[in-house]
Amino acid sequence: MRKKETAATFGIIGLGRFGLALVECLTRAEKEVIAIDKDEARVKEARRYTDLAMVVESLNQESIQETLEEVGIQNCDTVVVCIGEQVDVSILTTMTVLNLNVPHVISKANSSIHGEVLKRLGAKVVYPEWDMAVRLGKGLLYHNFLDSVTLEGDAEVRRIEISTPFLGLSVREADTRRKYGLNIIAIEHDKHTDVEFSSDYRFQRGDIICVIGQTENIERLENDMQ
């Protein structure tokens with residue numbers, strides 16, 4: 001079946017806590033979401049957010065492609081496979097979705113080995129529990145740590161609250177690029193985000209900087225902020 005030329009559509013396969021949270025987030029942003037699970041109670045919960053929530057009895061090797069085509073997964077621009085616990089089903093489902101030529105396939109993994117297999121198939125891999133634990137750990141270690149986005153190549157975009165060592169310094173004087181190998185890409189002040197700030201801007205109490213760079217360099221900066 002040919003892909004429909006419509007607005008972006010998302011497919012969520014597996015409606016545990018992670019999958020349901022994605023369904024809610026995407027539909028609140030007014031995106032079209034196809035959601036499937038074998039558990040009728042979970043599908044009923046998903047129907048609070050999308051009319052395209054359907055019960056799928058099983059995803060076995062003999063019928064999985066036909067089943068996914070029947071619900072329209074091949075018409076999605078992005079599909080997220082949220083079956084972390086059943087590794088064999090996760091791998092089979094991911095492989096089938098990729099074979100249906102879905103442009104963007106993301107799969108949840110619950111171990112590094114599981115994730116490596118999914119990557120080799122061609123999916124982007126996420127580790128929700130691991131990522132949450134890392135964020136919590138960083139929050140405990142660095143009191144000025146707020147949030148981060150992990151990038152490929154051990155790099156991050158991270159929000160950091162300004163503390164005493166930087167207070168009163170200008171962006172130029174802080175010189176994070178030379179001292180830490182980090183670029184400041186935004187400054188948040190008084191509930192406003194400025195991405196076109198002057199190098200003469202002086203940091204004030206309550207400011208939050210958004211930096212991009214290698215994780216180890218960001219952690220050096222945060223240690224100096226303590």
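A quick note: this is a predicted structure, and the numbers were derived from the prediction, not measured. Residues: numbered from 1 along the sequence shown.
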Exercise for the section: For the pair N183 (side chain) and I185 (backbone), establish whether a donor and an acceptor sit closer than 3.5 Å, ignoring hydrogens and angles. Expected result: no
Handout entry: Any donor-acceptor N/O pair, D207 side chain to H189 backbone, under 3.5 Å
Key = no
Handout entry: Rounded distance (nearest 0.5 Å) linking atom CD of Q74 with atom CG of N99
Key = 13.0 Å
Practice task
Answer yes or no: does atom CZ of R47 have more than 12 heavy-atom neighbours from other residues, nucleotides or ligands under 6.0 Å?
Solution key: yes
Problem - Ion pair check, R28 and E24, cut-off under 4.0 Å - result: yes
Handout entry: Heavy-atom pair with the smallest gap, counting every atom of I12 and C82
Key = CG2-SG, 3.9 Å
Handout entry: Residues, nucleotides or ligands: over 12 heavy atoms within 6.0 Å of D51 CG
Key = no
Fill in the blank from the handout: Here the pair of heavy atoms bringing E40 nearest to V55 is CA-CG2, 4.0 Å
Problem - Under 3.5 Å: donor-acceptor pair, side chain of R158, backbone of V211 - result: no
Practice task
For residues L68 and L59, determine if any side-chain heavy atom of one lies less than 4.5 Å from a side-chain heavy atom of the other.
Solution key: yes
Practice task
Flag yes if more than 12 heavy atoms outside E62 fall under 6.0 Å of its CD atom; otherwise flag no.
Solution key: yes
Completion exercise
side chain to side chain contact (heavy atoms under 4.5 Å, CB included) test vs E32 passes for just one of T27, D77, N75, T9, namely T9
Handout entry: Nearest-0.5 Å distance, CG of residue L221 to CZ of residue F166
Key = 5.0 Å
Exercise for the section: May I ask you to decide if Y180's main-chain N or O and N217's side chain share a donor-acceptor pair within less than 3.5 Å? Expected result: yes
Handout entry: Contact check, side chains of F197 and V171, non-hydrogen atoms, under 4.5 Å
Key = yes
Fill in the blank from the handout: Residues G213 and I218: closest non-hydrogen pair is O-CD1, 3.8 Å
Problem - R205 vs L167 side-chain heavy atoms within contact, under 4.5 Å - result: yes
Problem - Greater than 12 external heavy atoms within 6.0 Å of K179's NZ - result: yes
Practice task
Take V87 and N110, measure what side-chain contact (heavy atoms from CB on, under 4.5 Å) needs, and give me the verdict at the end.
Solution key: CA-CA 8 Å; V87 175; N110 62 357; 4.2 Å; yes
Problem - Heavy-atom side-chain proximity of D224 to P165 below 4.5 angstrom - result: no
Problem - 4.5 Å side-chain heavy-atom contact, F203 and I209 - result: yes
Problem - E116/R120 ion pair, N-O < 4.0 Å - result: yes
Practice task
State whether the side chain of R42 and the backbone N or O of L20 hold a donor-acceptor pair below 3.5 Å, judged by distance alone.
Solution key: no
Problem - CA sep, side-chain torsions, deciding dist, call: D194, Y201, side chain to side chain donor-acceptor pair (under 3.5 Å) - result: CA-CA 11 Å; D194 190 354; Y201 177 82; over 6 Å; no
Exercise for the section: With the side chain counted from C-beta on, respond yes when I13 and V97 share a heavy-atom pair under 4.5 Å apart, and no when they do not. Expected result: yes
Exercise for the section: Measure the spacing between CZ of R202 and CD of E173 and express it to the nearest 0.5 Å. Expected result: 4.0 Å
Exercise for the section: Supply the atom-to-atom distance L182 CG to E156 CD, rounded to the nearest 0.5 angstrom. Expected result: 10.5 Å
Problem - Main-chain N/O of H114 paired to S111 side chain as donor or acceptor, under 3.5 Å - result: yes
Exercise for the section: Check whether any side-chain heavy atom of L100 lies under 4.5 Å from a side-chain heavy atom of Q65, and answer yes or no. Expected result: yes
Completion exercise
L92 and T96 have their tightest heavy-atom pair at O-OG1, 2.8 Å
Practice task
Show your working on side-chain contact (heavy atoms from CB on, under 4.5 Å) between I91 and L118 and close with a plain yes or no.
Solution key: CA-CA 6 Å; I91 293 170; L118 295 171; 4.2 Å; yes
Completion exercise
Correct closest heavy-atom pair for A53 and A46 would be CB-CB, 3.9 Å
Exercise for the section: Output the distance between atom CD1 (I184) and atom CG (D175), rounded to the nearest 0.5 Å. Expected result: 9.5 Å
Problem - T50 OG1 to L26 CG distance, which is reported to the nearest 0.5 Å - result: 10.0 Å
Problem - Any side-chain heavy-atom pair of M54 and I34 under 4.5 Å - result: yes
Fill in the blank from the handout: Heavy atoms of C210 and V157 approach each other most closely as SG-CG1, 3.5 Å
